[in-house]
Amino acid sequence: MTNEEHNCGNHGGHGNMDPEQQKAMMQQNINITKNMANIKYKIAVMSGKGGVGKSTVAVNLAAAFNTQGLKTGIFDVDIHGPNIPKMLGVEDQKLDVIDHKLKPVTTENGLQVASMAFLLQSNGSPIIWRGPQKTGAIKELMAEVAWDNLDVLIIDHPPGTGDEPLTVLQSIPDLDAVVMVTTPNSVSHEDVIKCVAMTKMLKVENIGLVENMSYFVCPDCNKKSYIFGESSGKTFAKDMDVKFLGSLPLVPEVSTSANEDIPIVEKDKDSIVSKEFMNITKEIENLFFDKE
């Protein structure tokens with residue numbers, strides 16, 4: 001990793017700052033507020049546990065909103081494993097600098113993308129940072145990426161309640177919603193409960209739940225099999241006092257589309273899972289977007 005990559009995250013420490021550093025941090029917070037104010041709706045996608053398909057959900061929600069004619073961006077704040085560019089087929093591109101701002105990468109279908117992956121020397125370069133460095137890098141991207149008149153920004157987080165989601169939730173006070181992703185597995189439920197508690201502690205009121213991998217659809221006979229346990233998303237959401245947004249089936253086409261660097265929503269709009277993603281975006285609009 002180059003020194004420039006390492007230094008990108010060196011602005012997150014809060015202790016022992018001199019007056020100039022304090023002034024710079026205050027200005028950065030002002031820039032974040034101004035930058036985010038230009039985006040109509042901001043939605044964070046989180047999960048308590050890895051391996052539940054959170055990034056797949058985030059990418060396809062963004063693609064679904066984009067398909068509906070809403071100008072959409074996706075912000076990948078996973079510092080250590082930024083996979084969103086790969087899933088959208090733009091991993092070999094870089095963020096351009098125009099008028100001292102970072103211009104997001106745009107996919108063929110017009111989806112705007114920002115990710116730490118675009119700032120790395122290569123796709124295999126590891127980022128070995130502690131909390132303050134990660135916080136600084138995320139805030140720098142929030143302040144400097146020049147999104148182009150977005151209607152919706154999807155913010156994809158790493159799993160858990162660590163530095164990345166904490167930074168976003170604290171830095172964007174007018175976040176419109178948080179979408180939690182789980183599977184029917186009880187271990188996943190336990191971790192989601194912690195994420196929901198954290199989100200509520202930070203005064204985010206609009207929280208929705210998506211149950212991914214609710215059932216497996218046999219590609220030969222279309223029979224449903226509940227391989228992770230009986231679907232309980234509605235009950236689980238009710239118990240946590242959050243909104244239930246929908247269930248997604250586990251189908252081979254989702255993995256295939258990811259390997260082909262295209263969201264299933266764009267690859268096969270008529271598939272059962274694409275239709276469910278579209279239903280979930282409609283539910284998010286109905287529950288969390290302002291009615292005009």
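This chain uses plain numbering: 1 for the first residue, then up along the sequence.
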Verify the distance criterion only: is there a donor paired with an acceptor across the side chains of [X] and [Y] at less than 3.5 Å?
X	Y	answer
N109	E266	yes
K54	N212	no
E283	N279	no
T167	E164	no
T281	Q68	yes

Could you walk me through whether Q27 and N31 pass the side-chain hydrogen bond (donor to acceptor under 3.5 Å, both in side chains) check? CA-CA 6 Å; Q27 185 60 53; N31 292 342; 3.0 Å; yes
Can you check whether [Y]'s main-chain N or O pairs, donor with acceptor, with [X]'s side chain at less than 3.5 Å?
X	Y	answer
S115	A117	yes
Q112	D148	yes
S274	D270	no
K94	L120	yes
S188	P184	no
N286	K282	yes
H100	I98	no

Hydrophobic cluster membership, with links at side-chain heavy-atom distances under 4.5 Å among I/L/V/M/F/W/Y: are [X] and [Y] in one?
X	Y	value
F228	V210	no
M213	Y215	no
F236	V187	no
Y41	V57	yes
F216	Y226	no

Minimum side-chain heavy-atom gap [X]-[Y] below 4.5 Å:
X	Y	value
V242	V196	yes
I32	I30	no
H80	P158	no
V168	H157	yes
V90	F118	yes
P104	V113	no
L61	V265	no
V145	F75	no

Nearest-0.5 Å distance, [atom1] of residue [X] to [atom2] of residue [Y]:
X	Y	atom1	atom2	answer
I264	I272	CD1	CD1	11.5 Å
L119	S125	CG	OG	11.5 Å
I193	M198	CD1	CE	16.0 Å

Checking Q28 against E140 for the side chain to side chain contact (heavy atoms under 4.5 Å, CB included) test, could you report, in this order, the C-alpha distance in whole Å, the side-chain angles of both residues, the deciding distance, and whether it holds? CA-CA 7 Å; Q28 184 182 64; E140 190 167 333; 4.0 Å; yes
F244 ring centre to K234 NZ or CZ under 6.0 Å, with the angle to the axis within 45°? no
Going by the side-chain contact (heavy atoms from CB on, under 4.5 Å) test, name the single residue among N206, L169, I43 that passes it with L175.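 That would be L169.
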Does [X] have more than 12 heavy atoms from other residues, nucleotides or ligands lying within 6.0 Å of its [atom1]?
X	atom1	result
K243	NZ	no
K103	NZ	no
D18	CG	yes

Output, in order, the C-alpha distance, side-chain angles, deciding distance and verdict of side chain to side chain contact (heavy atoms under 4.5 Å, CB included) for K49 and T182. CA-CA 8 Å; K49 184 174 177 58; T182 187; over 6 Å; no
Run through D76, D78, N60, D156 and flag the one making a side-chain hydrogen bond (donor to acceptor under 3.5 Å, both in side chains) with S55. D156
For the pair K71 and D151, find out whether any cationic side-chain nitrogen is under 4.0 Å from an anionic carboxylate oxygen.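 Salt bridge absent between K71 and D151.
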Between K42 and D174, is there a salt bridge with N-O shorter than 4.0 Å? yes
Evaluate the criterion side-chain hydrogen bond (donor to acceptor under 3.5 Å, both in side chains) for residue pair S232 and T235; output intermediate values, then yes/no. CA-CA 6 Å; S232 58; T235 302; over 6 Å; no
